[in-house]
Amino acid sequence: MTDIAEAFAAAFSLVYHLDSDLGEIVLLSLQVSVGAVAVASAVGLPLGAAVALFRFPGRGAIVVILNALMGLPPVVVGLVVYLVLSRAGPLGVLGLLFTPTAMVIAQVLLVTPIIAALARQVIEDLWVEYEEQLRSLGATPRRALMALLWDGRVSLLTAVLAGFGRAIAEVGAVMIVGGNIDHVTRVMTTAIALEVSKGDLALALGLGIVLVALSIAVSAAAALLRGTLAQGRPR
Amino acid sequence: MTDIAEAFAAAFSLVYHLDSDLGEIVLLSLQVSVGAVAVASAVGLPLGAAVALFRFPGRGAIVVILNALMGLPPVVVGLVVYLVLSRAGPLGVLGLLFTPTAMVIAQVLLVTPIIAALARQVIEDLWVEYEEQLRSLGATPRRALMALLWDGRVSLLTAVLAGFGRAIAEVGAVMIVGGNIDHVTRVMTTAIALEVSKGDLALALGLGIVLVALSIAVSAAAALLRGTLAQGRPR
Amino acid sequence: DFITVASTTSTQNAGLFDHLLPLFEAETGIEVRVVAVGTGQALRLARNGDADLLLVHDRPSEEAFVAEGYGSARFDLMYNDFVVVGPASDPAGIAGMGDAAAALAGIAAVEAPFVSRGDDSGTHRRERARWAAAGVDPTGASGTWYREAGQGMGATLNTATMMEAYTLADRGTWLSMRGRLDLRILVEGDAQLRNQYGVTLVSPERHPHVKAALARRFAEWLISPGGQAAIDGFTIDGERLFIPNAN
Amino acid sequence: MTVPSILPLELRAVSFERDRQRLLKSVSMRVASGPKTIIMGPNGAGKSLLLRLCHGLIAPSEGTVLWHGAAGRDPLRFQAMVMQRPVMLRRSVAANIDFALSLRRIPRPERRQLIADALERTGLGAFARVPARVLSFGEQQRLALARSWALHPQVLFLDEPTANLDPAATHVIEGVIEAMAEEGTKIIMTTHDLGQARRLADEVMFLHRGRLLEHAAAGTFFAGPQNELASAFLRGELLWWERRELTPPRA
Amino acid sequence: MTVPSILPLELRAVSFERDRQRLLKSVSMRVASGPKTIIMGPNGAGKSLLLRLCHGLIAPSEGTVLWHGAAGRDPLRFQAMVMQRPVMLRRSVAANIDFALSLRRIPRPERRQLIADALERTGLGAFARVPARVLSFGEQQRLALARSWALHPQVLFLDEPTANLDPAATHVIEGVIEAMAEEGTKIIMTTHDLGQARRLADEVMFLHRGRLLEHAAAGTFFAGPQNELASAFLRGELLWWERRELTPPRA
Ligand SMILES: Nc1ncnc2c1ncn2[C@@H]1O[C@H](COP(=O)(O)OP(=O)(O)OP(=O)(O)O)[C@@H](O)[C@H]1O
Ligand SMILES: Nc1ncnc2c1ncn2[C@@H]1O[C@H](COP(=O)(O)OP(=O)(O)OP(=O)(O)O)[C@@H](O)[C@H]1O
Ligand SMILES: [Mg+2]
Ligand SMILES: [Mg+2]
C-alpha cells in the first residue's frame, strides 16, 4: 500500500506546486466535459422528455435503444468520430481531428443518450401526475415539455451530473479523437492513462485523486444550484 | 466511409461465423458486467435509498460525494484495485489479479456509486409523497426502505440499466486488473481496444457493433421485466 | 505552425520526445504534436493522412507503407534492442543465454509462464519471429502458460511481474520501468533482437494537405548531426536508451 | 360573447373500457348552453371518467363525443376543468395561474390583472407568492377554481369543487360558479353534496355503475326521479355495497 | 382492551413554524379517552397541521406533545390516521392493507381475515385485487379508512374522511366511526360538514389562523360558542377572506 500513500503524496505535491502544466490539463478537462455536457443536455433533455410525452409507434423500441445507448462503448464512439473526422473521412477537410472540438463531439455522442434516457424516466414519472392537468389547460406539446423540464429540474440535475460523470471520467473516446497531444488535447484521463502506460502508478493515482477532487467540486456546485432550483418546490 | 461499411461486414461475418473465440469473449463480458451490476445493485439501491430517507449531519456532503463518484475514472479504479490485489498489496495472497473476479470487483466499485446516486434521486422523489403515510403506518426505516424500493422499481430499473451501461462499455478498469489476457480475461471492450491499437479499425468497429447489439438485447430484456414489474402501477 | 507525428508508445513513454522537441522547437519555431499509439494504429493514422510523419519500429511495414505510395521516404533513425526478462527464480534456466530463440524453446519446454504483448505491435512481431525460429507455436497454449496480454509494453511488464512470467521487452521501456519491476534481464545481445526505429515522411501526393515541408524539416533535423547528438544524449539513470544510427 | 359557442355537446353511445372492464356503458346525452348541469351518483359510478371524457382527456373506447358548435376549432381551447384532485405546478400560486393564461396566449400585461382578480375572488390574495404545493387542500381547490376562472372558458367542468372547502368558502364558491354561469359559461359539475346540487342544478344527470340512468330538469328530478336507483340514492340508500346485511345503516 | 391506553394526549404551548411563518400558535389542549373530538375551522386554519403534529408526523417548533399513558412505549404504534389525501402504495387494494398489518407484526394467517373484514365494512370487497391507484377518489378514501380500521388503533385521526364520499357512503362510514368509538378507539377528526360534526361530535375544538380559539363539549358549542369567530363560522360567515366587500355572499 506504499503506492497509495505515495499517490496521495503525489496528488498533494501536484496541487501544492500547481504547475501551469497541471492547470492547463485540468482546465481543458473541464472545458471539454462541461462543453460536451452542455450540448448533450440541450439535446438530451428535450429528447428524453419528448420520448416520455409522446405515444407513437416504435416508442417502445426507442426507449429500449436509448437505455442501451447508455452503454455505448467510448472506444467505439471514438473510432466512429475518428473515421468521420479523419482526412480520409467525409468531414476530414474541417481539420478537426486531434483538437478539443473533436473531443467534445465524441463526448456529446456518449453523454447524450445517458442524459436522454435518465431524463425520459424522470419526465415519464412526472407526466403520470401532470398529463391531464396540462392537457386540460391546453398546453401544446412544446409548452408541456418545457413545463415538465422546469418542474423536474431538481431530478434532472442528477441526470445531467450522471452525464458529466461519464464525460469527465471517460478516456477511450478522447484518447482516439484527441490523440493525447501534450499542451493541445491532453486531459486528466489521458494524462492518467499515459502515466499508467509509463508505469508511474503513483503519479497516475495522484492525478486520479486530483480528478476526483475536481468531480466533487463540480458536484458541490451543482448542489448549490440545486438549492436555488428547489425554491418553489415543497418542503 | 468504406471503413464503416467494412465494419458492418466484419460484424456480420463475426456473428455469422460465430467462432468459439467470439462466443467466449461475449460470454465473459456478460458474466463480468451482469455480476458486477448485481452486486452493485444489491449495495447501491439500499444505499441510495438510505441516503434519501435519513436526515443526518453530513448528509449533504454524502449526496455531493455520491454524485461526484458517478465520475469515478475507470483507470483510477482499476489502478487502486490493481494495487490492492497485486502481490505486493494487502490482498495479494488471494491471487485474484488478472482473473474475472478482479474485473468484477473493479466494476462494482465503478457502478455502485452510479446506481446509488440515481436511486437516491428516485427514492427521494417518492419519499416526498410517501413519507408521512409510511411513518403513520409505523414503518421502521428498514421496512420503509423496502417499500420504497419496491414501489420505485420501474424507475430504479433505469438506474440499474445506467449502471449496466457503464459496466459493459467500460475498458479502463478491466484492462488494468484483468490484463486483457486471451482466453482468460479478454472481454468485448478490451478486445476492441486491442484491435484499435493494431490498427484494424474495421474489426474493432465490428466488435463494437456486436457489443452495442448485446446492450440492446439486455435493454430489451429489461423492458420485458419492466412490463412485468409495472403491474400494480396505474396505466 | 505545427506538424503531427504518429509514433509508438515506447518512444513517448521513455520520455524521448520531452527531451527532443524543446530543442527542435527552439531552433525552428515549429511545434511538433505527438500522437503516441500502437504501431498498427500509427500506420493507420498515417495512411489516412491524419499525421505528417511516422516514427515507428517495424521496418517491413514502414517499407511497405512507402512502397504503396503512402510514404515518400524512410530513414533509419536510431536503434536499441529487445531483451528477454523474467523472474529471478528463472524456472526455465535461460539466464545468460545469447540466443533468444533457444531461450524461448527452453521456456516452452518447461511450460513456464510467458506473457506476450499479443497486440501485433513491432515488439510482438519480433517475438513471433523468434518463436518461429525456435520452432515452437505457442498460440496453442494461449490462456495456459502462454498469455497474450493485448496491452502496451508497460502494462505487459507489470503483468509479467505479477505472474512471475517471462516476456520480451524493448530496452527503453525496460530501463524506464525496471525500478518498479520484480524482473531482471536474462537474455540480451542477440543480433536478432536489434530494434530499429525509422522516420517516414507521409506523401503529399496521396494527401495534399499534409505539411510535407515542415515534416521534412523535422525528419532532417532528427537525422542531422545535431538531432543525432540529442538522441545520443538522452539517458535514464545514466544509461543511454537509443543509439543514433542515421546514415 | 362575440365568439360562437362550441356547444351543444353530444355523446353518442359512448363506452369506456380499461383492463377489459366497461367503466362507462353506452352513455348518450346532449347538453346545450345555459342550464347548469349537475352529475350525481355513488362513488365509483364513473362521474370523473365521464367529465374527463367530455373534456377530451380520455378517448372513448366506443362511440363519439361531438361538439356541435366547434366548427373546426379545437374545442379544448374553450373549456376548463377543476379536477377532483387538482395538480399544482411546482411554482408559486400566481405563477400557476400565469402559466395557464400564457397557454391561452394572453399578453403579459393583461395577465397581471386577471391573476389578481382571480385570487381575490377565491380569497387567495395573500398567497400569490407562496409555493402552490404548500397550500392546504382547501386552498388548493380554490386555486384550481381561480385558475379556471381566469381562463373565462365557454364550458367549465367541475369535479366536486367544494369537497375540501369550509362552509363559508363553499358558499362563496357557489356564488362564483353562479356568476360565471350568468356570464355565459356552461357549468358541468359533479357533487356529493345534495344541498349544493339542489341549490345549483338546472338539470341533473344520474350515473350508476357506468350507466346514465336519468337526465332530467332539476325540478323534476328532485321532486321524484323516474329511476328507482336514483330515488334510492336521493333517500341516502347504499347502491354500491356488496353485501348489504353486513353493514346496516345505523338505527 | 387489555393493553393500557396511551391517552390522555396533551399539547403544551405548541407552535409550528415554516419559512418564518407561525402556522400554529401556542396551542395547548388535553384530550382523554372516550369522547369523539371534532376539530373545525376554516380552510388554512391549521387543522391538518394540528392532526399531523398530534400524530407525530411533524415536530413542533416550540412546546411539547405528551402522551401521558405511553409509559415508555412508542405512542405511534397505537395510533392510525386517515389523511386528507391518502397515499396509496403502488399495489393492489388488499396488499395496501396487508402491508399496514405486516408493519404491526400481525401474523399472515390472521391478516387474511382482517383484510376481508375491513374491505367488507367499507364496501370495497369487490376491489381486493385491483391496483389501489386506479380507484376513484371516494373509493381511495374508503380504502384508507379500511386500512386504519384493520389496525384497531387506540387513537384514530381522521382528516375530512368523507369529503369525497357519496351521501350513503358518508352515512355508512359515520357508522363505522361510531362503532370504532364504541369499541374504545379514541376519534380525533376534522370535518367541514356541519351536519356531520353535529352528528358525531362529543367535544369540539375550533381552530382559526393557527390558534385554538375554543374547546368545548359539543352541546355547549353548537348551542352557542363562546368565541365570536366560532359563532360566525357556524353561521357560515367568511373568516378568511381578504377583502370582504369584493365577494359578497349571494343574496
Ligand atoms: N385506469 C383505470 N383502470 C381501471 N379501473 C379504473 C380506472 N380508472 C377508473 N377506474 C374505475 O372506474 C370506476 C369509476 O371511477 P370514477 O373515478 O369515474 O368514479 P367517480 O364516479 O368519480 O367516483 P367518486 O365519487 O369516488 O369520485 C371506479 O370504480 C374506478 O375503480
Ligand atoms: N410546509 C409549509 N410551508 C408553508 N406553509 C404551509 C406549509 N404547510 C402548510 N402551510 C400553510 O399552513 C396553513 C394551514 O394548513 P393546513 O393544511 O393545516 O390547513 P387546514 O386547516 O387543514 O385547511 P383545509 O381545510 O383546507 O384542509 C395553510 O395556509 C398552508 O398554506
Ligand atoms: Mg370522481
Ligand atoms: Mg386540511
Side-chain angles (χ1 to χ4, degrees), chain D residues 18-19 40-49 84-85 119-127 130 134-139 141-142 159-160 162-172 174-176 178-179 192-194 232-243 246-250, chain E residues 18-19 40-49 84-85 119-127 130 134-139 141-142 159-160 162-172 174-176 178-179 192-194 232-243 246-250:
Chain D
R18 268 290 159 91
D19 303 335
M40 290 203 285
N43 291 138
K47 303 179 296 298
S48 297
L49 286 177
Q84 198 167 359
R85 277 202 197 171
L119 292 179
E120 205 115 42
R121 279 205 105 141
T122 50
L124 294 171
F127 293 87
V130 173
V134 309
L135 294 184
S136 82
F137 293 121
E139 289 160 351
Q141 220 164 16
R142 273 146 51 194
D159 202 352
E160 303 185 30
T162 63
N164 289 293
L165 299 194
D166 68 53
T170 303
H171 189 68
V172 174
E174 285 179 16
V176 172
E178 288 276 20
H192 286 310
D193 182 338
L194 292 181
F233 179 79
L234 283 185
R235 289 195 306 273
E237 280 176 28
L238 288 171
L239 302 181
W240 41 262
W241 231 258
E242 260 201 312
R243 287 163 62 194
L246 270 179
T247 49
R250 281 173 312 143
Chain E
R18 268 291 159 87
D19 303 335
M40 291 202 285
N43 291 136
K47 302 180 297 298
S48 298
L49 285 177
Q84 198 167 358
R85 276 201 196 171
L119 292 180
E120 205 114 43
R121 279 204 104 140
T122 49
L124 294 171
F127 292 88
V130 173
V134 308
L135 294 184
S136 82
F137 293 123
E139 290 160 349
Q141 220 164 16
R142 273 146 50 194
D159 202 352
E160 302 185 30
T162 63
N164 288 293
L165 298 194
D166 68 52
T170 303
H171 190 67
V172 174
E174 284 178 16
V176 173
E178 288 275 20
H192 286 309
D193 182 339
L194 291 180
F233 178 79
L234 284 185
R235 289 195 307 274
E237 283 176 26
L238 288 171
L239 302 181
W240 39 262
W241 232 258
E242 261 200 312
R243 286 163 61 195
L246 270 179
T247 50
R250 283 173 308 143

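Chain naming here is simple, since letters A, B, ... match the order of the sequence lines and numbering starts at 1 in each.
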Checklist line | Heavy-atom contact with chain D under 4.5 Å, split by part of E/Leu165 | finding: both
Item checked: Heavy-atom side-chain contact between E/Val134 and D/Arg18 under 4.5 Å ->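 No, side chains not in contact.
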Checklist line | Minimum heavy-atom distance D/Ser136-E/Gly44, with the two atoms named | finding: OG-N, 3.5 Å
Notebook entry, point to check: If you look at every heavy atom in E/Asn164 and D/Ala163, which pair is closest and at what distance?
Noted result: OD1-CB, 3.8 Å
Notebook entry, point to check: So among D/Glu139, D/Arg142, D/Gln141, which one has a side-chain hydrogen bond (donor to acceptor under 3.5 Å, both in side chains) with E/Asn43?
Noted result: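 Going through the options one by one, the only one that passes is D/Arg142.
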Next item on the list: May I ask you to name which of D/Arg235, D/Arg85, D/Lys47 has the most heavy-atom pairs under 4.5 Å with chain E?
Entry: D/Arg85
